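One structure is given here, and the rest of the page talks about it.
Being a predicted model, the structure only gives us computed values, none of them experimental.
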Amino acid sequence: MDKGAILPLNGQSSSGSAAIVLVTDQNYALPTFSAALSADQHTKGADIAIRMFVVGTEDTWARQFDEAVAGTKIKVIAVRLPQLAELAPYHRDHYLPPIALARFWIDSFLDAGVDRFLYIDGDTMVDGELDSLLASTPPAEGLMAAPDFLNIFMDEVSRGKKRDLAHLEGIGCRAETYFNSGVIYASREAWNDIVPAAMKFMIEHPEHCPASDQSALNHAARGRVTMLSLRYNYQSEHMMVLDPRRRGIGPTIWHFTGGPKPWNMPGWPWDESFNRYYCAAEKRLHGSTIVTPVPPEAQTRAGIAHRRRSRSRMAWVYPWRKITRRRKILHLLADDR
């Protein structure tokens, strides 16, 4: 059953072991490592493992991280994933490389003793404790995830609404239960049940998957999603409307969706302060061959233009939207969700 509220974290605790999982390739290894460092700083449980899997590389390359991960719970592991090439032709998200699909194979990467995992994207920053979430039991047959930003403007009149509604209809989901796949908490058993259906849908209906894995996962998990508070996945579109810290609310996970990322070009809505773990990652990896490539100039220009346009419209064209969107965001941030 879809649930619009967060599963209470003071409920049943899990007795198995948990892991925080990140999946990347060599190109995105540096920001992903910074996300792993932020997760390490906000998990105290000695039994919580942090696994950063780097697809398409060798053990010799991954050993560059050995000194950098000293004193942390992080382990960087090189993995081969030839199956990714078979699924890549069905990838439709022009803003993400096919490596995003590698999360489908999390189960094959993880240690045998792990029974549940928290997956986080490489463009995130953990800024609050994760132990309470990781101590809770995820749904037996589903997953937990936070709302996508689409949720906050679906009842508005706009040129993009017809497209968004077509997307939701194509995958059989409702806006209020459509989740962002950048942060997912699930048991391995549930994940292994959902993923095959997601992959099958993506292969058979790529036209319904403009967000690729996110579209497919929403289709496969429909009816089995417990919505997390937005605090666990606070995205760029949300930050463009409201910095929750001004209301005394500190998100647990910030998600730098879209572009530019703060480490490429800090500025509204993500200032230089959001680069502190990225700077720590650079320092720990000083002298290695690991770098982050500069994003395409056209992509950066498009991202900046979108943010400026949105800011201007909310200030001068549709000022009431900032009010209504803030109200929705505050509701999704509420502690009882």
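Looking only at side-chain heavy atoms (C-beta outward), I50 and T72 stay at 4.5 Å or farther from each other. L143 is not listed as a side-chain neighbour of R224, based on a closest heavy-atom distance of 4.5 Å or more. Inter-residue side-chain proximity for Y278 and P262 is flagged as unmet; no heavy-atom pair is nearer than 4.5 Å. When side chains are defined from C-beta on, H255 does not count as touching I120, because their heavy atoms never get closer than 4.5 Å. The closest side-chain heavy-atom distance from S34 to R276 is not below 4.5 Å. You'll find the side chain of R51 stays beyond 4.5 Å of the side chain of F109, heavy atoms only. Within the 4.5 Å cutoff, side-chain heavy atoms of I253 are placed close to those of L130. Annotation: side chain of I99 is not in contact with side chain of T24 (no heavy-atom distance under 4.5 Å).
Minimum interatomic distance between L22 and D121 (heavy atoms only, all atoms of both residues): CD2-O, 4.3 Å. Taking every heavy atom of both residues into account, I74 and F33 meet most closely at CD1-CE1, 4.1 Å. Heavy atoms only, all atoms of each residue included: R321 and V157 are closest at NH2-O, 2.5 Å. Taking each heavy atom of Y90 and P206 in turn, the nearest pair found is O-CB, 4.1 Å. Scanning both residues, A211 and S215, for their nearest heavy atoms gives N-OG, 3.1 Å. In plain terms, the two heavy atoms of A39 and I20 that are nearest each other are CB-CD1, 4.1 Å.
We find the OG-CZ distance between S212 and R92 to be 7.5 Å, quoted to the nearest 0.5 Å. Put simply, NZ on K261 and OG1 on T300 are 10.5 Å apart, with the number rounded to the nearest 0.5 Å. The structure places CE of M144 at 12.5 Å from CZ of F179, a figure rounded to the nearest 0.5 Å. Taken to the nearest 0.5 Å, the CG atom of N180 stands 8.5 Å off from the NE2 atom of H238. Taken from NZ in K161 to CZ in F153, the straight-line distance is 11.0 Å, to the nearest 0.5 Å. In this structure, CG in D131 is found 4.5 Å from CD1 in I48, a value given to the nearest 0.5 Å.
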side-chain contact (heavy atoms from CB on, under 4.5 Å) between V291 and L30, intermediate numbers included: CA-CA 6 Å; V291 297; L30 183 52; 5.7 Å; no
Determine, step by step, whether W105 and V55 satisfy the side-chain contact (heavy atoms from CB on, under 4.5 Å) criterion, reporting the C-alpha distance in whole Å, the side-chain angles of both residues, the deciding distance to 0.1 Å, and the verdict. CA-CA 11 Å; W105 285 274; V55 176; over 6 Å; no
Applying side-chain hydrogen bond (donor to acceptor under 3.5 Å, both in side chains) to Q235 and T257, what does each step give before you reach the verdict? CA-CA 6 Å; Q235 300 142 53; T257 48; 5.2 Å; no
Between E141 and D193, is a side-chain contact (heavy atoms from CB on, under 4.5 Å) present by the stated rule, with each step listed? CA-CA 8 Å; E141 299 179 351; D193 184 46; 5.7 Å; no
Please determine whether side-chain contact (heavy atoms from CB on, under 4.5 Å) holds for the pair T32 and V54, giving the CA-CA distance in whole Å, both sets of side-chain angles, and the decisive distance to 0.1 Å. CA-CA 10 Å; T32 302; V54 187; over 6 Å; no
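Ring pair H208/F201 is parallel by interplanar angle, where below 30° counts as parallel and above 60° as perpendicular. Using cut-offs of 30° and 60° on the angle between ring planes, the pair F274 and W270 is perpendicular. Using cut-offs of 30° and 60° on the angle between ring planes, the pair W191 and F117 is perpendicular.
In this structure, L84 is a member of the same hydrophobic cluster as L110, with clusters built from ILVMFWY side-chain heavy atoms closer than 4.5 Å. Under the 4.5 Å side-chain heavy-atom criterion for grouping Ile, Leu, Val, Met, Phe, Trp and Tyr, F149 is not connected to I171 through any hydrophobic cluster. At a threshold of 4.5 Å between side-chain heavy atoms, the hydrophobic network of Ile, Leu, Val, Met, Phe, Trp and Tyr places W254 and M265 in two separate groups. Residues V241 and W268 fall into different hydrophobic clusters, defined by Ile, Leu, Val, Met, Phe, Trp and Tyr side chains chained together at heavy-atom separations under 4.5 Å. Hydrophobic cluster membership differs between L333 and M240, with clusters built from Ile, Leu, Val, Met, Phe, Trp and Tyr side chains linked at under 4.5 angstrom.
Atom CD of E189 has 12 or fewer neighbouring heavy atoms from other residues, nucleotides or ligands inside a 6.0 Å radius. In the displayed structure, R309 atom CZ is contacted under 6.0 Å by more than 12 heavy atoms of other residues, nucleotides or ligands. More than 12 non-hydrogen atoms from other residues, nucleotides or ligands lie less than 6.0 angstrom from CD of E156. Around the CD atom of E207, the shell of radius 6.0 Å holds more than 12 heavy atoms that belong to other residues, nucleotides or ligands.
Looking only at distances, a side-chain donor or acceptor of N218 sits under 3.5 Å from a matching main-chain atom of Q214. No donor-acceptor distance shorter than 3.5 angstrom exists from the side chain of D213 to the backbone of L101, with no hydrogens or angles considered. Not a single donor-acceptor pair under 3.5 Å links the side chain of D111 to the backbone N or O of G113. Side-chain N or O atoms of Y178 include none that pairs as donor or acceptor with a backbone N or O of L150 at under 3.5 Å. Y185 places a side-chain N or O within donor-acceptor distance of the main-chain N or O of L134, the cut-off being under 3.5 Å. The backbone N or O of T252 lies less than 3.5 Å from no partner atom in the side chain of H42, so there is not a single donor-acceptor pair. Of the possible donor and acceptor atoms, one in the side chain of K328 sits under 3.5 Å from a partner among the backbone N and O of I152. With hydrogens and angles ignored, the 3.5 Å screen pairs a side-chain donor or acceptor of Q64 with a backbone N or O of W61. In this structure, the side chain of D47 does not engage the main chain of S17 through any donor-acceptor pair within 3.5 Å. At least one donor-acceptor pair under 3.5 Å links the side chain of R222 to the backbone N or O of H219.
One finds a salt bridge joining R80 and E58 here, because a Lys/Arg side-chain nitrogen approaches an Asp/Glu carboxylate oxygen to under 4.0 Å.
For the side chain to side chain donor-acceptor pair (under 3.5 Å) test with D243, the passing option among R246, R247, R245 is R245; the others fail.
S181 and R103 share a donor-acceptor pair across their side chains, judged by distance under 3.5 Å alone.
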